[in-house]
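Both backbone and side-chain heavy atoms feed into the values below; hydrogens, waters and symmetry mates do not.
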Amino acid sequence: MSEQEVTYSTVRFHKSSGLQNQVRPEDNQGSREAGHKECSIPWHLIVIAFGILCVLLLVIVAVLVTNILQYKQEKHELQETLNCHHNCSTMQSDINAKEEMLRNMPLECSTGDDLLKSLNREQKRWYSETKSVLNSSKHPGLQTLSAP
């Protein structure tokens, strides 16, 4: 292989008067045609398209977050409803048990009421018998006793 010689050079430009540094529009056009290709779509349209895309993505994210929050809230409300339903069914079973006890109670109370009425009848009967015995008694001192 042969060695190739590389030569470097440094180019320095001196500042000159303002008139020489100004670029004429037609010179600018010529440099673009010669070395640079002009973009067929202006960059303003690209920026607007990306801006619309960003806004669209932000709206989609906001809608998704809103839906997720509503789902969580509905799930929480459903859980509370199920808990309330469970509590209501528990209270209903308690009410049913108490109603059954109350239905059975009158039977027991009626037996007690019958016994009380029977005792009152016996007391009145004994009182009337005692009073009649005292009235018919020959002992005048016993007649001063009175019934309660």
Side-chain angles (χ1 to χ4, degrees), residues 1 4 6 8-13 15 18 20-148:
M1 275 206 196
Q4 294 178 353
V6 179
Y8 293 100
S9 66
T10 305
V11 178
R12 293 182 190 204
F13 295 100
K15 289 188 176 183
Q20 291 178 351
N21 283 339
Q22 288 181 351
V23 178
R24 290 183 227 146
E26 56 272 354
D27 289 343
N28 193 6
Q29 291 286 341
S31 66
R32 277 193 181 171
E33 290 173 2
H36 303 291
K37 290 185 178 181
E38 186 176 336
C39 207
S40 63
I41 301 175
W43 63 273
H44 296 292
L45 294 178
I46 295 172
V47 169
I48 290 172
F50 280 131
I52 291 171
L53 181 66
C54 288
V55 168
L56 183 66
L57 288 174
L58 283 173
V59 168
I60 290 172
V61 167
V63 167
L64 288 175
V65 167
T66 303
N67 286 343
I68 290 171
L69 291 177
Q70 284 178 349
Y71 171 76
K72 285 184 179 182
Q73 183 179 4
E74 288 173 0
K75 183 179 176 183
H76 180 70
E77 289 173 356
L78 180 64
Q79 187 67 31
E80 285 180 357
T81 304
L82 289 175
N83 286 341
C84 182
H85 179 68
H86 176 70
N87 290 343
C88 289
S89 64
T90 304
M91 284 194 282
Q92 185 63 38
S93 63
D94 288 347
I95 288 170
N96 290 341
K98 288 179 182 177
E99 284 177 349
E100 186 65 30
M101 288 173 56
L102 285 174
R103 276 190 220 113
N104 293 337
M105 251 178 125
L107 296 176
E108 295 169 3
C109 289
S110 66
T111 307
D113 285 342
D114 291 342
L115 182 62
L116 186 60
K117 288 177 183 177
S118 173
L119 286 174
N120 282 337
R121 279 194 307 262
E122 285 295 313
Q123 182 183 12
K124 287 179 183 179
R125 186 177 64 85
W126 282 104
Y127 175 72
S128 63
E129 285 181 13
T130 307
K131 189 175 180 183
S132 65
V133 167
L134 285 176
N135 287 339
S136 65
S137 140
K138 297 180 181 176
H139 302 288
L142 293 178
Q143 289 181 358
T144 58
L145 295 175
S146 62

Hey, what do you get for NZ (K72) to NE2 (H76), rounding to the nearest 0.5 Å?
12.5 Å
Atom CD of Q70 and atom CD1 of I68: how far apart are they, to the nearest 0.5 Å?
11.0 Å
For a 4.5 angstrom cut-off between non-hydrogen side-chain atoms, does L78 reach E74?
no
Measure the CE-NE2 distance between M91 and H86 for me, rounded to the nearest 0.5 Å.
10.5 Å
If you round to the nearest 0.5 Å, how far is CG of L82 from CG of N87?
11.0 Å
Residue pairs involving residues 81-101 (criterion salt bridge (Lys or Arg N to Asp or Glu O under 4.0 Å); sequence neighbours excluded):
E99-R103, E100-R103
Identify the residue among I46, I48, V47 that makes a side chain to side chain contact (heavy atoms under 4.5 Å, CB included) with F50.
I46
State which residue, out of V63, L58, L64, fulfils the side chain to side chain contact (heavy atoms under 4.5 Å, CB included) condition with I60.
L64
Which residues pass the side chain to side chain contact (heavy atoms under 4.5 Å, CB included) test with V61, not counting sequence neighbours?
V65
Drop me the distance from Q123's CD to S128's OG, to the nearest 0.5 angstrom.
11.0 Å
Can you name the nearest heavy-atom pair linking S93 to T90, along with the distance?
OG-O, 2.6 Å
